[in-house]
Amino acid sequence: MKIDIILDPTHTTEEFSELGIIAENLGFNAVLTANYPSAIDPFINFSILAKATQKIRMGPVAISPFETHPLKLSNLLYGLNQLSNGRAKIIVGGGGGTLISMGLKSNRRTMYPNMVQGVRECVEFLTGLSADKAISFNKDIFQIAGPKPQWIDQPTRPQIYVAATKPQMLSMSAKVADGLMMSDVTLARIDECMAIIDESLKNNGRDRNTFAISNLFSWHVKPDQEEAVKEARAKLFVRGMLENWYISTFLDPEESQIVEDNFQAFAHAYAHNSDVIEGVPDGIIDKLLNHLTFTGNFNDVDRFVEEMVQFKNAGLDEFAIRLYKNPEQSMELIAERVMPHL
(Lines give C-alpha, C1' and ligand atoms only; values in the text may rest on other atoms or scores of the structure.)
Protein backbone atom coordinates (compact mmCIF):
# COMPACT_ATOMS: atom_id res chain seq x y z
CA MET A 1 0.00 0.00 0.00
CA LYS A 2 1.44 3.35 -1.07
CA ILE A 3 1.44 6.33 1.28
CA ASP A 4 0.60 9.87 0.20
CA ILE A 5 1.32 12.85 2.43
CA ILE A 6 -1.08 15.80 2.61
CA LEU A 7 0.68 18.98 3.68
CA ASP A 8 -0.95 22.06 5.14
CA PRO A 9 -1.50 24.71 2.45
CA THR A 10 -0.48 27.57 4.76
CA HIS A 11 3.25 26.90 4.32
CA THR A 12 5.23 29.40 2.29
CA THR A 13 6.29 28.26 -1.17
CA GLU A 14 9.85 27.78 0.11
CA GLU A 15 8.71 25.71 3.10
CA PHE A 16 6.39 23.67 0.91
CA SER A 17 9.16 22.86 -1.54
CA GLU A 18 11.52 21.83 1.26
CA LEU A 19 8.88 19.51 2.76
CA GLY A 20 8.10 18.04 -0.65
CA ILE A 21 11.77 17.24 -1.24
CA ILE A 22 11.91 15.53 2.16
CA ALA A 23 8.80 13.50 1.26
CA GLU A 24 10.45 12.35 -1.97
CA ASN A 25 13.69 11.42 -0.22
CA LEU A 26 11.75 9.40 2.37
CA GLY A 27 10.00 7.39 -0.34
CA PHE A 28 6.41 8.62 -0.21
CA ASN A 29 4.21 8.05 -3.24
CA ALA A 30 2.82 11.58 -3.53
CA VAL A 31 2.73 14.91 -1.81
CA LEU A 32 -0.67 16.58 -1.85
CA THR A 33 -2.16 19.69 -0.30
CA ALA A 34 -5.63 20.83 0.60
CA ASN A 35 -7.36 23.43 -1.50
CA TYR A 36 -8.11 26.25 0.97
CA PRO A 37 -9.95 29.53 0.32
CA SER A 38 -7.27 31.58 2.13
CA ALA A 39 -3.95 30.12 1.03
CA ILE A 40 -1.52 30.12 -1.88
CA ASP A 41 -3.03 28.33 -4.85
CA PRO A 42 -1.76 24.74 -4.73
CA PHE A 43 -0.68 24.78 -8.37
CA ILE A 44 1.82 27.54 -7.58
CA ASN A 45 3.45 25.46 -4.85
CA PHE A 46 3.45 22.35 -7.02
CA SER A 47 4.95 24.19 -9.98
CA ILE A 48 7.97 25.04 -7.85
CA LEU A 49 8.13 21.56 -6.31
CA ALA A 50 7.94 19.92 -9.75
CA LYS A 51 11.27 21.44 -10.76
CA ALA A 52 12.92 20.47 -7.46
CA THR A 53 11.99 16.78 -7.53
CA GLN A 54 12.23 13.81 -9.89
CA LYS A 55 10.01 10.95 -8.70
CA ILE A 56 7.24 11.94 -6.31
CA ARG A 57 3.72 12.57 -7.58
CA MET A 58 1.93 15.77 -6.63
CA GLY A 59 -1.38 17.55 -6.80
CA PRO A 60 -4.31 19.17 -4.98
CA VAL A 61 -7.05 17.53 -2.91
CA ALA A 62 -9.77 18.35 -3.57
CA ILE A 63 -10.75 20.86 -6.24
CA SER A 64 -14.34 21.32 -7.34
CA PRO A 65 -15.35 22.06 -10.95
CA PHE A 66 -17.83 24.53 -9.49
CA GLU A 67 -15.01 26.69 -8.11
CA THR A 68 -12.51 26.18 -10.97
CA HIS A 69 -14.10 25.55 -14.35
CA PRO A 70 -12.98 22.27 -15.96
CA LEU A 71 -11.38 24.12 -18.89
CA LYS A 72 -9.19 26.24 -16.64
CA LEU A 73 -8.57 23.24 -14.43
CA SER A 74 -7.27 21.33 -17.45
CA ASN A 75 -4.82 24.16 -18.19
CA LEU A 76 -3.50 24.04 -14.62
CA LEU A 77 -3.41 20.27 -14.33
CA TYR A 78 -1.80 19.50 -17.68
CA GLY A 79 0.60 22.40 -17.14
CA LEU A 80 1.72 20.83 -13.88
CA ASN A 81 1.98 17.48 -15.61
CA GLN A 82 4.29 19.00 -18.19
CA LEU A 83 6.47 20.63 -15.52
CA SER A 84 6.69 17.41 -13.51
CA ASN A 85 7.25 15.08 -16.49
CA GLY A 86 4.01 13.15 -15.96
CA ARG A 87 3.78 13.20 -12.17
CA ALA A 88 0.64 15.31 -11.71
CA LYS A 89 -2.26 13.95 -9.68
CA ILE A 90 -5.57 15.57 -8.85
CA ILE A 91 -8.53 14.69 -6.67
CA VAL A 92 -11.72 16.27 -7.99
CA GLY A 93 -14.44 16.84 -5.39
CA GLY A 94 -17.83 18.41 -4.91
CA GLY A 95 -16.48 21.42 -3.07
CA GLY A 96 -16.13 22.49 0.56
CA GLY A 97 -14.76 25.57 2.25
CA THR A 98 -13.86 27.40 -0.94
CA LEU A 99 -17.41 27.17 -2.26
CA ILE A 100 -18.67 28.51 1.07
CA SER A 101 -16.26 31.45 0.89
CA MET A 102 -17.42 32.13 -2.66
CA GLY A 103 -21.03 32.24 -1.46
CA LEU A 104 -21.97 29.25 -3.60
CA LYS A 105 -23.24 27.11 -0.74
CA SER A 106 -24.30 27.83 2.82
CA ASN A 107 -22.36 25.32 4.91
CA ARG A 108 -20.13 22.27 4.76
CA ARG A 109 -22.96 19.78 4.92
CA THR A 110 -24.88 21.37 2.05
CA MET A 111 -24.44 19.57 -1.27
CA TYR A 112 -23.93 21.73 -4.32
CA PRO A 113 -26.75 21.24 -6.88
CA ASN A 114 -25.99 18.48 -9.41
CA MET A 115 -22.76 17.77 -7.56
CA VAL A 116 -22.27 14.17 -8.68
CA GLN A 117 -23.06 14.94 -12.31
CA GLY A 118 -20.79 17.99 -12.32
CA VAL A 119 -17.85 16.07 -10.88
CA ARG A 120 -18.44 13.25 -13.34
CA GLU A 121 -18.46 15.60 -16.31
CA CYS A 122 -15.28 17.29 -15.07
CA VAL A 123 -13.49 13.95 -14.84
CA GLU A 124 -14.77 12.90 -18.26
CA PHE A 125 -13.52 16.17 -19.73
CA LEU A 126 -10.09 15.93 -18.11
CA THR A 127 -9.55 12.30 -19.07
CA GLY A 128 -10.88 12.79 -22.59
CA LEU A 129 -8.63 15.62 -23.70
CA SER A 130 -6.45 14.89 -26.71
CA ALA A 131 -3.77 16.90 -28.45
CA ASP A 132 -5.13 15.58 -31.75
CA LYS A 133 -8.73 16.73 -31.37
CA ALA A 134 -10.41 20.10 -31.00
CA ILE A 135 -12.19 20.54 -27.67
CA SER A 136 -15.86 19.69 -28.07
CA PHE A 137 -17.67 18.79 -24.85
CA ASN A 138 -21.43 19.18 -24.60
CA LYS A 139 -23.01 17.73 -21.46
CA ASP A 140 -25.74 18.75 -19.02
CA ILE A 141 -23.62 20.90 -16.71
CA PHE A 142 -20.62 21.94 -18.78
CA GLN A 143 -20.41 22.91 -22.45
CA ILE A 144 -16.83 23.50 -23.59
CA ALA A 145 -15.35 24.21 -27.01
CA GLY A 146 -11.90 25.22 -28.20
CA PRO A 147 -8.99 24.51 -30.55
CA LYS A 148 -6.75 21.45 -30.31
CA PRO A 149 -4.76 21.56 -27.04
CA GLN A 150 -1.62 20.43 -28.83
CA TRP A 151 0.57 21.46 -25.89
CA ILE A 152 -0.84 18.63 -23.72
CA ASP A 153 0.78 15.98 -25.94
CA GLN A 154 2.59 14.29 -23.04
CA PRO A 155 3.80 10.67 -22.72
CA THR A 156 1.84 10.20 -19.48
CA ARG A 157 -1.36 12.04 -18.65
CA PRO A 158 -2.17 13.14 -15.08
CA GLN A 159 -3.76 10.75 -12.59
CA ILE A 160 -7.36 11.87 -12.10
CA TYR A 161 -9.13 10.76 -8.92
CA VAL A 162 -12.46 11.64 -7.34
CA ALA A 163 -13.02 12.55 -3.71
CA ALA A 164 -15.78 10.08 -2.88
CA THR A 165 -17.27 8.50 0.22
CA LYS A 166 -21.01 8.08 -0.23
CA PRO A 167 -22.62 5.52 -2.61
CA GLN A 168 -23.38 7.75 -5.61
CA MET A 169 -19.91 9.26 -5.75
CA LEU A 170 -18.21 5.92 -5.13
CA SER A 171 -20.16 4.26 -7.92
CA MET A 172 -19.59 7.13 -10.34
CA SER A 173 -15.88 7.31 -9.56
CA ALA A 174 -15.39 3.63 -10.33
CA LYS A 175 -16.96 4.22 -13.73
CA VAL A 176 -15.01 7.24 -14.99
CA ALA A 177 -11.89 8.02 -12.89
CA ASP A 178 -8.42 6.56 -12.48
CA GLY A 179 -9.04 6.17 -8.78
CA LEU A 180 -10.81 7.63 -5.79
CA MET A 181 -9.98 8.97 -2.36
CA MET A 182 -12.37 8.40 0.49
CA SER A 183 -12.15 10.59 3.58
CA ASP A 184 -12.21 9.50 7.24
CA VAL A 185 -13.86 6.17 6.44
CA THR A 186 -13.45 3.93 9.47
CA LEU A 187 -12.62 0.24 9.52
CA ALA A 188 -16.24 -0.40 10.50
CA ARG A 189 -17.42 1.17 7.22
CA ILE A 190 -14.67 0.27 4.77
CA ASP A 191 -16.14 -3.07 3.64
CA GLU A 192 -19.46 -1.55 2.57
CA CYS A 193 -17.62 1.13 0.60
CA MET A 194 -15.44 -1.45 -1.10
CA ALA A 195 -18.51 -3.51 -2.02
CA ILE A 196 -20.03 -0.51 -3.83
CA ILE A 197 -16.77 0.16 -5.66
CA ASP A 198 -16.29 -3.46 -6.69
CA GLU A 199 -19.86 -3.71 -7.97
CA SER A 200 -19.49 -0.56 -10.07
CA LEU A 201 -16.16 -1.71 -11.49
CA LYS A 202 -17.71 -5.04 -12.45
CA ASN A 203 -20.82 -3.45 -13.98
CA ASN A 204 -18.65 -1.14 -16.07
CA GLY A 205 -16.22 -3.82 -17.21
CA ARG A 206 -13.24 -2.29 -15.49
CA ASP A 207 -10.20 -4.08 -14.13
CA ARG A 208 -9.79 -3.65 -10.38
CA ASN A 209 -6.02 -3.78 -10.79
CA THR A 210 -6.07 -0.59 -12.84
CA PHE A 211 -8.21 1.41 -10.40
CA ALA A 212 -6.61 2.98 -7.31
CA ILE A 213 -8.48 3.27 -4.00
CA SER A 214 -7.30 5.52 -1.19
CA ASN A 215 -8.58 6.80 2.14
CA LEU A 216 -7.66 10.02 3.96
CA PHE A 217 -6.94 10.01 7.69
CA SER A 218 -5.52 12.74 9.89
CA TRP A 219 -2.27 12.15 11.78
CA HIS A 220 -1.85 13.69 15.22
CA VAL A 221 1.09 11.74 16.65
CA LYS A 222 3.50 13.70 18.85
CA PRO A 223 6.15 12.96 21.45
CA ASP A 224 3.74 14.49 23.96
CA GLN A 225 0.24 12.97 24.29
CA GLU A 226 -1.38 16.19 25.48
CA GLU A 227 -0.06 18.13 22.48
CA ALA A 228 -1.38 15.46 20.11
CA VAL A 229 -4.85 15.45 21.67
CA LYS A 230 -5.12 19.24 21.63
CA GLU A 231 -4.29 19.38 17.92
CA ALA A 232 -6.70 16.57 17.07
CA ARG A 233 -9.57 18.09 19.06
CA ALA A 234 -9.15 21.40 17.24
CA LYS A 235 -9.49 19.66 13.85
CA LEU A 236 -12.34 17.26 14.68
CA PHE A 237 -14.96 19.37 12.92
CA VAL A 238 -13.76 18.32 9.46
CA ARG A 239 -13.60 14.61 10.22
CA GLY A 240 -16.43 13.40 8.03
CA MET A 241 -18.31 16.51 9.12
CA LEU A 242 -19.22 14.30 12.11
CA GLU A 243 -22.16 12.83 10.21
CA ASN A 244 -24.11 10.01 11.81
CA TRP A 245 -22.98 7.53 9.13
CA TYR A 246 -19.42 7.91 10.38
CA ILE A 247 -19.97 7.98 14.11
CA SER A 248 -22.93 5.64 14.66
CA THR A 249 -20.72 2.53 14.59
CA PHE A 250 -18.90 3.55 17.77
CA LEU A 251 -21.28 5.99 19.52
CA ASP A 252 -24.69 5.00 20.87
CA PRO A 253 -27.76 6.99 19.70
CA GLU A 254 -27.69 9.30 22.72
CA GLU A 255 -24.00 10.09 22.25
CA SER A 256 -24.50 10.65 18.52
CA GLN A 257 -27.28 13.12 19.28
CA ILE A 258 -25.01 15.04 21.64
CA VAL A 259 -22.50 15.40 18.82
CA GLU A 260 -25.22 16.60 16.45
CA ASP A 261 -26.70 19.03 18.98
CA ASN A 262 -23.28 20.58 19.53
CA PHE A 263 -22.09 20.54 15.94
CA GLN A 264 -21.47 24.30 15.99
CA ALA A 265 -19.21 23.88 19.02
CA PHE A 266 -16.93 21.69 16.90
CA ALA A 267 -17.07 24.32 14.15
CA HIS A 268 -16.17 27.06 16.62
CA ALA A 269 -13.19 25.08 17.90
CA TYR A 270 -12.00 24.51 14.34
CA ALA A 271 -12.38 28.16 13.34
CA HIS A 272 -10.41 29.30 16.40
CA ASN A 273 -7.92 26.40 16.40
CA SER A 274 -9.03 25.56 19.92
CA ASP A 275 -9.24 22.25 21.74
CA VAL A 276 -12.23 23.48 23.76
CA ILE A 277 -15.47 21.91 22.50
CA GLU A 278 -18.33 23.19 24.61
CA GLY A 279 -21.17 20.85 25.58
CA VAL A 280 -19.50 17.57 24.56
CA PRO A 281 -18.17 15.23 27.28
CA ASP A 282 -14.52 14.27 27.00
CA GLY A 283 -15.50 10.60 26.82
CA ILE A 284 -17.35 11.18 23.56
CA ILE A 285 -14.52 13.25 22.13
CA ASP A 286 -12.05 10.50 23.02
CA LYS A 287 -14.15 7.99 21.07
CA LEU A 288 -14.22 10.33 18.06
CA LEU A 289 -10.45 10.70 18.17
CA ASN A 290 -9.88 6.96 18.56
CA HIS A 291 -12.00 6.03 15.55
CA LEU A 292 -11.71 8.98 13.14
CA THR A 293 -8.03 9.91 13.56
CA PHE A 294 -4.58 8.62 14.37
CA THR A 295 -4.02 10.46 17.64
CA GLY A 296 -1.46 9.59 20.30
CA ASN A 297 2.21 9.55 21.20
CA PHE A 298 5.08 7.59 19.70
CA ASN A 299 4.16 4.53 21.76
CA ASP A 300 0.88 4.28 19.81
CA VAL A 301 2.45 3.98 16.37
CA ASP A 302 2.40 0.17 16.32
CA ARG A 303 -1.35 0.26 16.96
CA PHE A 304 -1.85 2.64 14.06
CA VAL A 305 0.23 0.37 11.84
CA GLU A 306 -2.11 -2.51 12.70
CA GLU A 307 -5.09 -0.40 11.65
CA MET A 308 -3.47 0.53 8.35
CA VAL A 309 -2.68 -3.12 7.66
CA GLN A 310 -6.38 -3.85 8.18
CA PHE A 311 -7.23 -1.13 5.65
CA LYS A 312 -4.74 -2.66 3.24
CA ASN A 313 -6.25 -6.10 3.72
CA ALA A 314 -9.70 -4.61 3.04
CA GLY A 315 -8.48 -3.62 -0.42
CA LEU A 316 -6.92 -0.16 -0.21
CA ASP A 317 -4.07 0.52 -2.63
CA GLU A 318 -3.07 3.87 -1.13
CA PHE A 319 -3.46 5.77 2.12
CA ALA A 320 -3.42 9.58 2.34
CA ILE A 321 -2.18 10.94 5.66
CA ARG A 322 -3.07 14.53 6.54
CA LEU A 323 -0.32 16.24 8.52
CA TYR A 324 -0.51 19.37 10.65
CA LYS A 325 2.21 20.82 12.92
CA ASN A 326 5.81 19.62 12.59
CA PRO A 327 5.24 17.72 9.32
CA GLU A 328 8.94 16.87 8.91
CA GLN A 329 8.94 14.97 12.21
CA SER A 330 5.73 13.17 11.23
CA MET A 331 7.06 12.18 7.80
CA GLU A 332 10.25 10.77 9.29
CA LEU A 333 8.27 8.80 11.87
CA ILE A 334 5.88 7.38 9.25
CA ALA A 335 8.73 6.49 6.90
CA GLU A 336 10.66 4.72 9.65
CA ARG A 337 7.91 2.95 11.57
CA VAL A 338 4.87 2.69 9.29
CA MET A 339 5.88 2.31 5.66
CA PRO A 340 8.06 -0.82 6.10
CA HIS A 341 4.93 -2.74 7.21
CA LEU A 342 2.85 -1.72 4.19
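The one candidate from Val259, Asp184, Asn262 that meets the side chain to side chain contact (heavy atoms under 4.5 Å, CB included) condition with Leu242 is Val259. Just one residue in the list Phe311, Phe298, Phe294 forms a ring-ring contact (aromatic ring centres under 6.0 Å, His included) with Phe304, and that residue is Phe294.
Residues Thr249 and Arg189 are in side-chain contact: their nearest non-hydrogen atoms beyond the backbone lie under 4.5 Å apart. The closest side-chain heavy-atom distance from Leu71 to Phe137 is not below 4.5 Å. Counting heavy atoms from C-beta outward, Asp8 and Leu323 have side chains that stay 4.5 Å or more apart. Within the 4.5 Å cutoff, the side chain of Phe125 has heavy atoms near those of the Ile144 side chain.
Counting only N and O atoms by type, the side chains of Arg233 and Thr293 include no donor and acceptor under 3.5 Å apart. Between the side chains of Asn204 and Ser200, at least one donor N or O lies within less than 3.5 Å of an accepting N or O. Counting only N and O atoms by type, the side chains of Gln117 and Glu121 include a donor and acceptor under 3.5 Å apart. A side-chain N or O of Asn35 and one of Glu67 form a donor-acceptor pair less than 3.5 Å apart. The closest side-chain donor-acceptor pair between Asn81 and Gln154 falls under 3.5 angstrom.
No chain of hydrophobic side-chain contacts below 4.5 Å, direct or via other Ile, Leu, Val, Met, Phe, Trp or Tyr residues, connects Val92 to Met181. A single hydrophobic cluster is not seen to contain both Met241 and Val61; linkage of ILVMFWY side chains at heavy-atom distances under 4.5 Å, directly or through other members, places them apart. There is no path of hydrophobic side-chain contacts, each under 4.5 Å, that joins Leu216 to Val338.
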request  = Under the side-chain contact (heavy atoms from CB on, under 4.5 Å) rule, what do Thr295 and Val221 come out as? Steps first, then yes or no, please.
outcome  = CA-CA 5 Å; Thr295 299; Val221 182; over 6 Å; no

ask   = Would Leu342 and Ile3 satisfy side-chain contact (heavy atoms from CB on, under 4.5 Å), going step by step from the backbone distance to the final call?
value = CA-CA 9 Å; Leu342 303 176; Ile3 300 294; 3.6 Å; yes

Test log, rule side-chain contact (heavy atoms from CB on, under 4.5 Å), inputs Ile334 and Met331 = CA-CA 5 Å; Ile334 294 167; Met331 286 191 288; 5.8 Å; no

query = Can Glu318 and Ile213 be said to form a side-chain contact (heavy atoms from CB on, under 4.5 Å), step by step?
reply = CA-CA 6 Å; Glu318 303 172 1; Ile213 302 174; over 6 Å; no

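In terms of the side chain to side chain contact (heavy atoms under 4.5 Å, CB included) criterion, residue partners of Ser47 (sequence neighbours excluded) are, by chain and number, Leu83. Applying the side chain to side chain donor-acceptor pair (under 3.5 Å) criterion to Asn203, with sequence neighbours excluded, gives no partner residue.
Arg322 forms a cation-pi arrangement with Tyr324, by the criterion of a distance under 6.0 Å to the ring centre and an angle within 45° of the ring axis. In this structure, Lys312 forms no cation-pi arrangement with Phe319, as its terminal cationic atom is not both closer than 6.0 Å to the ring centre and no more than 45° off the ring axis.
Taking 4.0 Å as the cut-off between side-chain N and carboxylate O, Asp207 and Lys202 do not count as a salt-bridged pair. At a threshold of 4.0 Å, the pair Lys325-Glu231 does not count as salt-bridged, since none of the basic side-chain nitrogens sits closer than that to a carboxylate oxygen. Between Arg337 and Asp302, at least one side-chain N (NZ, or NE/NH1/NH2) sits under 4.0 Å from a carboxylate O, which counts as a salt bridge.
In this structure, Glu254 places its CD atom where only 12 or fewer heavy-atom neighbours from other residues, nucleotides or ligands lie under 6.0 Å away.
Between Phe237 and Tyr270, the distance from one ring center to the other falls under 6.0 angstrom.
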